[in-house]
Amino acid sequence: MTDPVLILLYIFVFPGFFFLFAYALFLSYLDRKIAARMQQRVGPPFWQPFADFIKMLGKEVINPDGVDVKVFDAIPLVALAAVMTAFIYVPVIGLSPVAFSGDLVVVLYLMTLPTLALFLLGWLSRNIFSAIGGIRAVTQLFIYEVPFFLALLTPAVMAGSWSISEIVVWQQHNLWLVFLQPIGFVVALIGLQAKLERTPFDIPEAETEIVAGPWTELTGRRLALMHLTSEVSLVTGSALIAALFLGGPLLPWTLSPVWLNVAAGFGLFLAKTLAVLLILSSITVATGRLRIDQLNDIGWKYIASVALVQVGIVLVINYLWVTP
Amino acid sequence: MAGPGTGISQRLVNWARIKSPWITVYNSGGCNACDIEIIACLMPRFDVERFGILVKGSPRHADILIITGHVTLKQASRLRRVWEQMPEPKYVIAVGACGASGGVFHGLYHMMDCVESALPVDVYVAGCPPRPDEIINAVVTCLDLLREDASHGGKEWRQKKPVTGMAEKSPTVES
Amino acid sequence: MPEVVVPIGPQHPALKEPVNFRVIADGEKIVRLELDLSYNHRGIEKAAEQRNFIRILPLLERVCGICSHSHSTVFAKGIEEIMGIEIPPRARYIRTIIAELERMHSHLLWLGVAAHEIGFNTLFMWTWRDREAVQDTLEEMSGNRVHYNMNEIGGVRCDLTPVQVEAALARLPNLEERIKKYMDMVNSEETLLIRFRGVGRMSKAEALKFGAVGPTARASGVDYDARRDDPYLAYAEVPWNVVTDNQGDVYGRTRVRVGELWESIQIIRFCLENLPAGPVRTDAPKNAPKGEIFSRYEAPRGELAHYIRTNGTDKAERVDIRSPTLANWTSVAMCLINQNLADLPVIVAAIDPCVSCTCRMVVVNQKGSTNKTNSPDTGVAVRDLGSRLSRRRP
Amino acid sequence: MNRPVTTEMITDRMKEFGTVEQVRKNRIRVKTVPDKLTDAITTVQAVLGFDRLISISTVDNGETFELLYHLIAPHRLIISLSIDLPRDKPVTHTVSDLLPPAGIYERQIHDLFGITFEGHPDLKKVILNEDWPDNEYPLRKDWKSDPGTFYGGINVERS
């Protein structure tokens with residue numbers, strides 16, 4: 001897998017940008033369909049997210065006066081690029097060729113860029129609603145970031161390496177981490193739900209309080225790119241959790257022909273990401289929005305302390321297990 | 001590539017515009033009976049999300065502006081301002097008898113007389129209030145208008161005589 | 001954070017109707033609030049003086065879409081009392097049935113919108129799906145889903161056939177089971193409780209002082225209900241009881257409204273089962289004698305009062321409409337002080353504002369500061385549009 | 001209230017303020033003079049237990065404006081205090097300090113009828129368009145809306 005053409009192919013075509021674009025739209029369709037079916041509605045047709053994306057591209061772009069247009073255009077692109085590159089390091093068919101030790105930290109860093117982009121958009125568009133939305137986005141970032149990182153770094157501590165691919169390989173020999181660290185799995189799910197700003201935590205984009213939060217002034221292609229960013233970060237987040245906790249795309253036993261092994265691995269990857277998506281969708285449907293100060297209490301009092309307890313348990317297990 | 005309306009990308013954009021019309025509802029002074037009928041369209045029984053119709057809060061994100069109720073004097077300028085905030089391929093649906101002629105409130109002192117006096121309307125819906133399926137039918141006729149306009153390159157060819165009172169002195173919204 | 005003026009303008013997803021709040025917020029806390037309600041002022045009372053008793057009822061029904069039967073019933077009831085005619089018992093029962101069906105569809109609508117305000121869309125979808133059953137019953141009985149036009153001076157416009165009665169009765173058990181589900185959902189569902197409990201609290205003394213009406217007042221323990229104080233239509237003969245609660249906050253108002261939903265079903269079932277036979281309307285004289293009446297009615301949102309004065313012709317000389325939401329605006333303005341900005345839609349939705357009824361009033365609330373406050377309108381200068389169209393007397 | 005308040009009690013208590021008549025089973029109407037109004041309301045509130053203002057109704061009967069203050073009490077009786085104001089100088093004192101909801105109704109009446117209430121904290125134009133001319137009071141009997149052009153050039157008598 002070191003042949004540069006194959007790597008380029010890997011990055012751009014199959015598990016890279018093209019597949020990610022299609023899979024993001026598919027997951028967004030599934031998310032809306034599950035939510036609709038749970039509310040006893042029919043839900044959108046298969047091509048709906050694709051039609052939304054193309055329509056938004058075709059709309060007129062309105063620049064609110066007094067806004068630096070170049071920066072206003074650049075921010076959605078930066079956010080989208082960050083999230084897409086984060087997906088390269090997550091193993092999709094077998095281990096990712098560009099993995100290096102420490103790519104878990106890079107992925108986590110790249111995942112926070114969209115929230116900062118939202119804050120900048122809100123602050124730049126000089127509209128009172130988007131300013132308040134931007135501030136809420138950043139305050140929410142501080143609340144869920146610590147437990148989310150703790151929950152995602154404990155697998156690295158247990159597996160003894162900071163590369164996602166090596167964690168996946170480690171899980172082949174031992175149990176899946178979801179059984180070893182159930183609390184970490186739950187905290188990671190809650191953190192991901194908050195990072196994607198979905199219903200219990202969609203305070204920045206609270207549709208009924210501040211019109212559309214940081215999204216208010218976005219029109220045309222900027223809106224399309226920001227929607228795509230949120231959908232792609234849904235894919236990246238669920239793939240990350242699938243890789244770290246549910247054993248990633250590798251089979252415990254290797255099948256005879258290589259392509260069958262890769263295909264089975266890819267099937268596992270799809271199954272696991274869809275499972276994570278089902279959990280996220282049911283959380284969205286079953287809960288109402290929290291207030292920012294309630295989120296503050298719950299975030300720091302419960303979720304952060306539970307994550308610390310999880311870290312403590314992992315350290316104890318590591319100490320007992322490693323020494324023979 | 002052939003004319004503006006026939007290129008592959010143009011046909012794709014037209015298809016996308018027809019498949020995902022986003023609407024925003026504005027109650028310009030009516031008795032909010034039409035409002036609750038529009039919200040009833042979103043509900044499980046008349047679910048419009050299967051046509052891709054979403055109700056968006058801010059006019060910036062919407063394609064179709066649905067106006068319920070007649071236009072009171074105070075609403076006229078704000079209605080006009082909301083309409084101007086919408087990005088270009090935009091359409092206006094005036095719902096109910098109030099939208100067409102002021103309905104029961106025709107001729108009252110604190111009212112302008114119909115939505116047409118504030119901004120150009122594309123589709124009218126009869127009924128006081130119209131049933132949810134009639135409102136969905138209005139959105140569908142609006143999409144047919146969109147398909148026709150796409151083939152003629154924009155709305156100008158269909159614009160009938162300029163709206164009286166509006167064209168000769170277009171309101172200057174002080175910035 | 002210095003004081004920020006947040007205009008929640010006439011066009012806002014949280015408010016289904018055009019009302020304009022100028023919220024002066026300090027960070028997330030609301031310091032002061034200025035409402036501007038006059039977007040919906042249509043001048044109905046002036047028109048009401050020019051219409052005879054047949055043409056006035058459709059106009060009065062369209063004061064507000066959700067409580068349309070209330071406005072026409074309170075007017076018809078007042079005129080019939082001035083004329084001194086007695087409508088047949090069957091007409092009284094049919095009016096009560098339509099009134100209670102309207103209360104059910106209004107409360108279910110409100111429960112959905114309140115859940116939507118806090119982002120809990122599932123309950124929004126469920127309540128409105130069950131509301132369709134009530135809408136079907138209303139459409140079968142009166143031909144229209146929202147404006148029923150059932151009333152006429154002297155009785156009811158169309159009769160209820162036995163088939164309609166059976167169909168309505170068949171729908172009640174399913175509605176009862178759903179409302180039972182909502183009742184324990186409201187009490188136990190954590191996601192609702194965390195946003196409703198302790199928000200916009202109003203004590204009983206405050207409720208009385210600021211003149212709150214309807215479920216908003218009954219949630220604070222005020223025991224006023226026009227159906228029991230001034231029994232009209234068939235409420236005297238139907239066994240029902242007033243639902244009150246002493247929580248005083250949005251949670252209490254939700255419980256009162258769901259309780260009233262339950263009561264409405266019992267009233268409807270009682271009225272449908274022993275619907276008296278007989279004619280549906282008596283012929284009323286064309287002109288009403290000279291007189292006046294202050295007729296009260298318990299609309300879904302609160303106590304609705306029409307002051308009607310007649311002068312012997314076939315037109316009412318003066319119809320003074322005081323709608324329930326108009327009385328609730330002062331109390332909601334007081335409840336909102338130093339609550340969270342995020343709670344504003346929930347508290348405002350808690351009084352179930354029907355802005356079309358309140359086509360009046362700016363309320364300006366003072367928070368201990370000097371009494372002098374004003375409400376500059378945030379609207380755009382209207383020199384161009386408004387001035388040319390405003391009315392000059394010749 | 002230790003003993004239930006009866007209509008007779010109310011009628012003899014309110015005799016000093018003006019003519020009292022029992023209109024219906026639980027409706028009492030008291031006709032008073034503007035300057036006696038405030039202490040009529042205070043006695044009604046304090047002694048007879050009327051604690052809530054339902055609404056203030058106004059009627060333009062030719063040469064005078066009639067203001068009716070409707071109050072209700074826990075014992076389910078409704079009292080309506082009515083005063084007459086001359087048409088040329090319709091001025092009376094505000095009651096919004098005694099009854100807070102009155103602040104709303106008085107501003108509306110000022111806008112539609114032109115009756116000024118002294119001492120009202122903020123008596124500004126409220127419900128009509130910003131551009132509504134100041135001395136036009138639509139709900140007065142003698143005010144006819146401008147029979148001018150109906151929008152679009154068709155001449156229609158406007159109610």
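Just so we're on the same page: letters track the sequence lines, and every chain starts at 1.
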Next item on the list: With a 4.5 Å cut-off on heavy-atom pairs, point out which of B:Leu42, B:Leu79, B:Asp47, B:Ile36 contacts chain C the most.
Entry: B:Ile36
Next item on the list: Considering only heavy atoms, give the residues of residues 124-138 of chain B separated from chain C by less than 4.5 Å, sorted numerically, with 'none' for an empty result.
Entry: B:Cys128, B:Pro129, B:Arg131, B:Pro132
Check: Relative to chain B, which segment of C:Gln135 carries a heavy atom at a distance below 4.5 Å: side chain, backbone, both, or neither?
Finding: side chain
Checklist line | Nearest atoms (heavy-atom pairs only) where B:Pro21 meets B:Leu143 | finding: CB-CD2, 3.8 Å
Item checked: Ring centre gap for C:His306 and C:His71 strictly below 6.0 Å -> yes
Margin query: Main chain of B:Lys90, side chain of B:Asp63: is a donor-acceptor contact present, judged purely on distance under 3.5 Å?
Written below: no
Item checked: Set of residues satisfying side-chain hydrogen bond (donor to acceptor under 3.5 Å, both in side chains) with respect to B:Glu49, sequence neighbours excluded -> A:Arg32, A:Arg41
Item checked: Closest approach of C:Arg62 to B:Cys31 (non-hydrogen atoms, all atoms of both residues) -> O-CB, 3.1 Å
Margin query: Treating B:Asp122 as the side-chain partner and B:Val92 as the backbone partner, does any N or O pair qualify as donor plus acceptor under 3.5 Å?
Written below: yes
Item checked: Sidechain N-carboxylate O distance under 4.0 Å for B:Asp149, B:Arg147 -> no
Check: Would you find more than 12 non-hydrogen atoms of other residues, nucleotides or ligands less than 6.0 Å from C:Ile54 atom CD1?
Finding: no
Notebook entry, point to check: What part of C:Leu59 is in contact with chain B, defined as an atom under 4.5 angstrom from a non-hydrogen atom: side chain, backbone, both or neither?
Noted result: both
Item checked: C:Arg131 portion near chain B, given a 4.5 angstrom heavy-atom threshold -> side chain
